[in-house]
2 protein chains.
Amino acid sequence: MVSKVNEYENGLHHFENACRQNGLSITPQRIAIFKELASSSEHPSAAVIFRKIREYYDNISLDTVNRTLLTFHEIGLAKVVESSGDPKRFDPNLALHHHFRCVKCGKIVDFENAAYDALEIPRAIQKKFVIREKRVHLEGFCDTCRSPDG
Amino acid sequence: MVSKVNEYENGLHHFENACRQNGLSITPQRIAIFKELASSSEHPSAAVIFRKIREYYDNISLDTVNRTLLTFHEIGLAKVVESSGDPKRFDPNLALHHHFRCVKCGKIVDFENAAYDALEIPRAIQKKFVIREKRVHLEGFCDTCRSPDG
DNA sequence: AATTATATTGGACTAAATCCTATGTGTCAA
DNA sequence: TTGACACATAGGATTTAGTCCAATATAATT
Ligand SMILES: [Mn+2]
Ligand SMILES: [Mn+2]
Ligand SMILES: [Zn+2]
Ligand SMILES: [Zn+2]
């Protein structure tokens with residue numbers, strides 16, 4: 001078992017390498033944003049990350065958070081998750097996995113499934129398009145939203 | 001083979017029945033929006049539909065188009081397609097099918113695939129959530145965006 | 001044709017995201 | 001270690017998407 005500390009350090013090293021390889025300087029803002037995203041499992045929006053960082057970093061700007069999250073996406077440090085309009089949601093989990101999204105509260109939940117992972121891209125699609133992501137997307141009501149009201 | 005006219009009439013009947021069953025009156029605006037959506041295969045946003053209808057219907061409001069598309073979704077006449085932030089995209093195709101989305105130009109393309117259709121919802125997910133939609137989501141670069149620039 | 005509940009309009013408002021430019025700071029080479 | 005510079009950020013302005021609201025219009029029913 002890998003210790004938490006090592007996981008954490010590995011994450012930071014990955015981040016620093018990715019920045020260096022892409023000619024991006026390593027700023028306190030980028031570090032804070034990376035840490036916040038990496039330690040999150042709720043597929044946060046830029047605004048959510050912004051508010052969390054603001055708790056201890058009193059003048060980081062929302063623009064920087066937005067710009068940086070998009071940069072992370074470009075250099076492969078983060079993914080942008082499928083939503084339905086509404087704010088963009090970011091994902092630090094780069095491994096192949098799948099999503100359930102609650103149409104009521106917007107919660108996005110990861111899950112793993114070997115059969116889903118094994119799906120092949122249809123020939124006709126492969127010929128025509130360059131595929132970068134393949135995910136199964138489930139939608140419905142989560143455990144919290146399913147019962148009382150709606 | 002069903003004639004175009006019949007398909008069209010069936011669509012309109014379906015629309016009218018859905019409205020009646022839900023206590024919604026059949027207004028010229030709703031008819032125009034339904035026709036425009038039903039005859040589209042590009043998964044249009046509200047703004048796109050609004051602009052098309054404006055070409056011949058000179059004072060329909062954007063608010064009505066937005067509100068109506070959401071209503072259509074509620075009463076099962078349309079689906080809201082998975083995107084990545086950015087404007088909501090609507091889908092008149094109620095049949096089980098799957099999507100490719102170009103990350104550059106935003107184009108969303110339908111495709112059918114029996115293996116994808118046959119995917120089962122994992123036990124653990126079924127127990128916890130109420131599933132309403134199941135789709136495979138592919139992402140990448142479309143035929144137009146793949147080549148020259150990047 | 002009159003009634004009434006529902007729907008639409010258009011402008012105001014809110015929220016998300018991007019743009020702009022003056023200021024600040026990581027990085028690298030001396 | 002310092003200095004120079006290219007790159008990055010802050011914060012305010014702007015753009016864009018979506019919603020709200022109150023006055024007006026109209027579909028459905030009688
Ligand atoms: Mn995820
Ligand atoms: Mn579709
Ligand atoms: Zn929920
Ligand atoms: Zn494209």
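Order of the sequence lines fixes the chain letters, A, B, ..., with proteins taken first and strands second; residue numbering starts at 1 for each chain.
For residues 80-88 of chain B, proximity to DNA chain C is found at no residue, defined as any non-hydrogen atom under 4.0 angstrom from a strand atom. Within residues 15-30 of chain A, the residues having any heavy atom closer than 4.0 Å to DNA chain C are, in order of number, A:S25, A:I26, A:P28.
When rounded to the nearest whole Å, the span between CD1 of B:I75 and C1' of C:dA7 equals 14 Å. When rounded to the nearest whole Å, the span between CD1 of B:I49 and C1' of D:dG18 equals 16 Å. The interatomic distance linking A:F72 (CZ) with D:dA8 (C1') rounds to 13 Å, in whole Å. The nearest whole Å value for the distance from the CD1 atom in B:I31 to the P atom in D:dT26 is 14 Å. Rounded to whole Å, atom C1' of C:dG24 lies 14 Å from atom CD1 of A:I60. For the pair A:H73 NE2 and C:dA17 C1', the computed distance is 16 Å after rounding to whole Å. Rounded to an integer number of Å, the gap from CZ of A:R51 to C1' of C:dA16 is 12 Å. To the nearest angstrom, P of D:dG11 lies 9 Å from CG of A:D58.
Within a 6.0 Å radius of NZ in A:K107, more than 12 heavy atoms belonging to other residues, nucleotides or ligands are found. Under a cut-off of 6.0 angstrom, the local environment of CZ in A:R132 is sparse, with at most 12 non-hydrogen atoms contributed by other residues, nucleotides or ligands. Enclosure of atom CD in B:E120 is not indicated, since only 12 or fewer non-hydrogen atoms of other residues, nucleotides or ligands lie within 6.0 angstrom.
Side-chain proximity of B:N66 to the nucleotides C:dT9, D:dT9, D:dG18 is greatest for D:dG18. Checking D:dG11, C:dG10, D:dT19 against every side-chain atom of A:D63, the shortest atom distance belongs to D:dG11.
Side-chain contact between A:L37 and A:L69: present, with at least one pair of heavy atoms (C-beta onward) separated by less than 4.5 Å. For the pair B:H98/B:D110, no side-chain contact is recorded, criterion being any heavy-atom separation below 4.5 Å from C-beta on. Inter-residue side-chain proximity for B:F141 and B:V103 is flagged as met; some heavy-atom pair is nearer than 4.5 Å.
Ion pairing of B:R101 with B:E139 is present here, as a side-chain N (NZ or NE/NH1/NH2) and a carboxylate O approach within less than 4.0 Å. With salt bridges taken as basic N to acidic carboxylate O contacts below 4.0 Å, none links A:E112 and A:R135.
Scanning all heavy atoms of the two residues, the minimum distance from B:P122 to A:N113 falls at CG-ND2, 3.3 Å.
Comparing A:L70 and B:R54 against DNA chain C, the residue whose closest nucleotide sits nearer the 5' end is B:R54. In this structure, B:A47 and A:N59 both approach DNA chain D, and ranking their closest nucleotides by distance from the 5' end singles out A:N59.
Phosphate contact (OP1/OP2 of C:dT9, side-chain N/O of B:T64, threshold under 4.0 Å): present. Between A:R67 and the phosphate of D:dT9, there is a side-chain N or O to OP1/OP2 separation shorter than 4.0 Å.
If you check every strand for non-hydrogen atoms under 4.0 Å, B:I33 touches nothing.
No donor-acceptor contact under 3.5 angstrom links the side chains of B:H99 and A:H137, judged on distance only.
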